[in-house]
Amino acid sequence: PSGRIHMGHVRNYTMGDVIARYRRMQGHEVLHPMGWDAFGMPAENAAMERKVHPGEWTRANIDAMRGQLKRLGFALDWSREFATCDPKYYGQEQALFLDLFEAGLVYRKESEVNWDPVDMTVLANEQVIDGKGWRSGAPVERRKLSQWFLKITDFAEELLDGLTTLDDWPEKVRLMQENWIGKSRGLQFRFELAESAGAIRQVEVFTTRPDTIFGASFVAVAPDHPIAAAAAAQDTKAAAFIAECQRGGTSLAEIEAQEKKGYRTSIDVVHPLDGEWRLPVYIANFVLMDYGTGAIFGVPGHDQRDFEFASKYGLPIPRVVAAGVDLATKPIGEEAEKAPGVAVNSSFLDGMTTEQAAAEVIRRAEQAGWGKGTVQYRLRDWGVSRQRYWGTPIPIIHCAKCGPVAVPRDQLPVVLPDDIDFENPGNPLDRHPTWKQLACPKCGGAATRETDTLDTFVDSSWYFIRFASQPADAPFDRAEAEAWLPVAQYIGGVEHAILHLLYARFWTRALQRLGKVSMTEPFQGLFTQGMVTHETYRAGDGSWLSPDEVRRDGDDWVHIESGRPVTPGRIEKMSKSRRNTVDPEPILAKYGADAVRWFMLSDSPPERDLEWSEAGIEGASRFVQRVWRLASSGEDGTGQDAELERKLHRAIAAVGEAIDGLQFNKAVAQLYELVSAIEKAKLSASRAKAVRTLILLIAPMAPHLAEECWALLGAKAMIAEAPWPAFDAALLVDDRVTLAVQVNGKLRDTLTAPRGLDRAAAEALALASDKVQRQLGGAAPRKVIVVPDRLVNIVA
RNA sequence: GCGGACGUGGCGGAACGGUAGACGCUGGGGACUUAAAAUCCUCUUCCCGAACAAGGGAGUGCGGGUUCAAAUCCCGCCGUCCGCACCA
């Protein structure tokens, strides 16, 4: 709850509202809820800037936004509204967290974070700008903190498999999740150290290319690998290298930008397939401790990163894969050759394909016991600790004697203290004089509360269950929740494709594993809507100008106030930084909710971006007026208008089909056509019926207009309660059809013919056309293709 | 680098392999009006046809292919956008 809705909200919720209202008219039971993802940093930042309590700020925003949503006429079940910052919600979340904790799905681990030494807080990667804290400007440090993790990796395979069941999800999102989980198969194996380093005798590595094992020319370990520590213990230069690697932020972009560097330790390892063969061990800044085993063996000939490393440090670059055995002696050129081929220079593997060789190496490794075929995932466990005040307190107590202890259930919720200050840097919970002090529930000794709060993604990982069922004394009632769930249709931006949607899927599966729910997937249908965009404008000095500060002057744009020229820029997502936002509030005041809703649904397909335009909203407003004029004219008539009735029934069918497929822009186009047809039709009973039906058809999209017209037309009940109109399939077809007549596939004529004309008759009719005869020039056609009631193609 | 999507008039976009450009916006012309706004009618892919019309040609990023018929299917390019990225 930022305080004001933006056009993206309007578009998102308008789509959902159309579906909710449409399904309801069709007789479905519909649950269409709304609530507030209310914890998080914006509230804390506001608290620091404006000296208000985050809760106060949040509740005021919620009130303002609720009012705006109501003005838009969304058919929401406000009786189920809640905010995640309410202890009634986060207390139940704490209960679920403890369920996971007790099931062994939560653990504590040292982990590196971006630490702002001035604000004394952890920064998200996005808050580290050029290696400096976004608020303090201080150089960011990497710091190890003990943090809570959820074992999402336990579910990696399930989460991957489950994607195949999500038929009503965009392919793109499933792919993104698949890549994020990042499954790869390979060989995990050990190198024996030539001489043990401290207590360490082996180094474990993982590879997806076991077939290249004879191409190894070095082994590299992460700077935080135990071997690196062992080397550093006896070698100050190694220690210095490790320290250098650990300076700077942890953000991926920063790591990416770093030069690949290595340090040659005094350690060597023995090749598992040749006891005489020694490989040097490096500490390398590009090896990641938390992927695979934190150590690799380098094959420079067939991996580009290894190639660069080997080139830099003068290591051999042997060829062990070639397009053919006869190319075995050809040296590796300017870059590594990644493509599969045939194993060469590889002892017993020579001549095998990449695939065969890999299988053979795994077989031998398993047989001899120095390695085994394994699967690795890119997915990491989910770190949920945040050193922040405005979040769900993690319901754990730290006792020197008993370790981390769950808060007893009867002491939930662990409520955030209100008397906090943001005057000083750091986490106010941690600084609070009394909040964290308490007795250990196990031993009664002095203990302290966990002062970290949960990532707000935890709050959004189960809210849909709480919408379906919200008892006072439990997170949810299973039967009640399952009556509604899984969510039939979820609508959101593609920015949630990975994190939120993956976390919610994980949370649901975790609850299922604990026997709390039977569903495996939370969201059956997913739709990712496009953004609302607007042109951007810049003044001569490069500063951004908002749309209401500029005006069009012929082909140019000028700054209204100064009259100076303005450069229009790209059409981009509405954002405060580009100043190209359009506030829905004044638009609503000027045009009304229905025009805004109508515009949101018109023109652009919902999955694509929608460019906000004054002309567009004007057009939508005109449509609202047109419908109103039709309904309020008081015109009535007698007699049938068969043609209008056919059009009407076709429109009913087409609008329904379009909404079913979430193709709102097509539904809108159909309704425009219907309105035009009604306007042009002479007065008749059919026309009066068509107006009534039109109102029903627009009701999900323009509910205020529809209700008003409905009442005007004499209805006693609300149109929201009326049934969706049915269509007569017999009226969908005309008894006369237009036949396209082609010669050699090119359109030459169109003919009107009775429906159901047989092939011979259609052919004869087509051949009788002057235009066809002119094209044929007297020659007989070689072939004639007839598609009944559609077209005749004459091949000359 | 890897993965994906998209490319159609002045613009947003329609089009079960079968009449490309529905519908909307913009723009032109006209009606109504003293005038304007609103509204209504009408035209609006490009080129040739001096103008009207008949008529003809080209055309869905580019180049090929399959087919009686391709915006749509296949192959190869080009461009734009998005996601991921030292993942071993």
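Labels below follow one simple rule: chain letters A, B, ... track the order of the sequence lines, proteins then strands, and each chain is numbered from 1.
When the C1' atom is compared between B/rG83 and B/rU42, the two are found 48 Å apart, to the nearest whole Å. B/rC6 and B/rA71 have their C1' atoms separated by 13 Å, given to the nearest Å. Here the separation of B/rA37 from B/rC32, taken at their P atoms, is 15 Å to the nearest Å. A distance of about 45 Å separates the P atoms of B/rA38 and B/rG79, rounded to the whole Å. B/rC68 and B/rC82: their C1' atoms are spaced 40 Å apart (whole Å). Here the separation of B/rG30 from B/rG18, taken at their P atoms, is 41 Å to the nearest Å. With P as the reference atom, B/rA70 and B/rC86 are 47 Å apart, rounded to whole Å. Going from the C1' atom of B/rG21 to that of B/rG10 covers 14 Å, rounded to whole Å.
Rounding to the nearest 0.5 Å gives a distance of 12.5 Å between CG of A/Asn179 and CG of A/Leu379. For the atom pair CG of A/Leu601 and CE of A/Met15, the computed distance is 7.0 Å after rounding to the nearest 0.5 Å. Atom OG1 of A/Thr528 is separated from atom CH2 of A/Trp169 by 10.5 Å, given to the nearest 0.5 angstrom. Expressed to the nearest 0.5 Å, how far CG of A/Leu273 lies from CD1 of A/Ile213 amounts to 5.0 Å. The OG1 atom of A/Thr14 sits 10.0 Å away from atom CE of A/Met7, with the distance rounded to the nearest 0.5 Å. Taking CZ from A/Arg687 and OG from A/Ser633, the interatomic distance works out to 6.0 Å, rounded to the nearest 0.5 Å.
Ranking B/rG3, B/rC68, B/rA88 by closeness to the A/Phe206 side chain, first place goes to B/rA88. Comparing B/rA85, B/rC87, B/rC86 by their nearest atom to the side chain of A/Phe286 picks out B/rC86. Nearest nucleotide to the side chain of A/Arg790, out of B/rG18, B/rG13, B/rU39: B/rG18. The side chain of A/Ile498 has B/rC84 as its nearest neighbour among B/rC84, B/rU39, B/rC68. Side-chain proximity of A/Arg774 to B/rC40, B/rC87, B/rG56: nearest is B/rG56. Picking from B/rG83, B/rC68, B/rU19 the nucleotide with the shortest atom distance to the side chain of A/Thr738 gives B/rU19.
As judged by a 4.0 angstrom heavy-atom cut-off over every strand, A/Leu791 is placed among the base-contacting residues. Across all strands shown, A/Val741 has no heavy atoms under 4.0 Å from either base or sugar-phosphate atoms. Across all strands, A/Asp303 comes closer than 4.0 Å to no nucleic acid atom at all (heavy-atom distances). Here A/Lys771 lies in heavy-atom contact (under 4.0 Å) with sugar-phosphate atoms only. At the heavy-atom level, A/Arg782 lies nowhere under 4.0 Å from the strands shown. Note on A/Arg380: a base of the nucleic acid sits closer than 4.0 angstrom, heavy atoms only. Looking at heavy-atom distances under 4.0 Å, A/Val787 makes contact with a base.
Distance, A/Lys338 NZ to B/rA88 P: 11 Å, rounded to whole Å. Rounded to a whole Å, the CG atom of A/Leu630 is 13 Å from the C1' atom of B/rU39. B/rC84 atom C1' lies 16 Å from atom CD of A/Glu495, rounded to whole Å. Distance CZ (A/Arg174) to P (B/rA5): 12 Å, rounded to an integer number of Å. Distance A/Phe664 CZ to B/rG12 C1': 18 Å, rounded to the nearest Å. In this structure, A/Glu763 atom CD and B/rC68 atom C1' are separated by 13 Å, rounded to whole Å. Rounding to whole angstrom units, CD of residue A/Gln663 and C1' of B/rC16 are separated by 13 Å. In this structure, CE of A/Met531 is placed 14 Å from C1' of B/rC6, rounded to the nearest angstrom.
Across the interface with RNA chain B, nearest-nucleotide mapping of A/Gly294 and A/Lys172 shows A/Lys172 to be the residue nearer the 5′ end. Between A/Glu679 and A/Ile296, the one whose closest nucleotide on RNA chain B sits nearer the 5' end is A/Glu679.
For A/Arg748, no side-chain nitrogen or oxygen approaches OP1 or OP2 of B/rU19 to under 4.0 Å. Look at A/Arg305 and you'll find a side-chain N or O under 4.0 angstrom from OP1 or OP2 of B/rC87. Regarding contacts with the backbone of B/rG56, every side-chain N or O of A/Lys746 stays at 4.0 angstrom or more from both OP1 and OP2.
Side-chain atoms of A/Thr533 and A/Arg608 form no donor-acceptor pair, as typed in the model, at a separation below 3.5 Å. Using modelled atom types and a 3.5 Å distance limit, the side chains of A/Thr536 and A/Asn580 yield no donor-acceptor pair.
Screening A/Phe149, A/Phe155, A/Tyr503, A/Phe457 for a ring-ring contact (aromatic ring centres under 6.0 Å, His included) involving A/Trp382 leaves a single residue, A/Tyr503.
Between A/Glu614 and A/Ile617, the closest heavy-atom pair is O-CG2, 3.0 Å. The minimum heavy-atom distance linking A/Ala295 with A/Val221 is given by the pair CB-CG1, 3.8 Å.
Here A/Tyr591 and A/Phe599 keep their ring centres 6.0 angstrom or further from each other. Between A/Phe309 and A/Tyr282, the ring center distance clears the sub-6.0 Å criterion.
Under the 90° criterion around 0 for the glycosidic angle, B/rG17 counts as anti.
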### Pair assignment for RNA chain B - dot-bracket with | for other-strand partners, Watson-Crick or G-U under 3.5 Å
(((((((..(((.....[....))).(((((.......))))).((((......))))..(((((..]....))))))))))))....
Polar-atom pairs under 3.5 Å, protein N or O versus N or O of nucleotides 20-28 of chain B: list them with distances, or write none.
residue	atom	partner	partner atom	Å
B/rA22	O2'	A/Glu673	OE2	3.0
B/rC25	OP1	A/Arg622	NH2	2.8

### Query
Do A/Arg174 and A/Glu178 pass the salt bridge (charged side-chain N to carboxylate O under 4.0 Å, His left out) test, and can you show the C-alpha distance, the side-chain angles, and the key distance before you say yes or no?
CA-CA 6 Å; A/Arg174 286 184 299 187; A/Glu178 189 182 322; over 6 Å; no
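Against RNA chain B, the stretch residues 212-228 of chain A makes no heavy-atom approach under 4.0 Å.
Salt bridge absent: A/Arg736 and A/Asp734 never bring a charged side-chain N and a carboxylate O closer than 4.0 Å.
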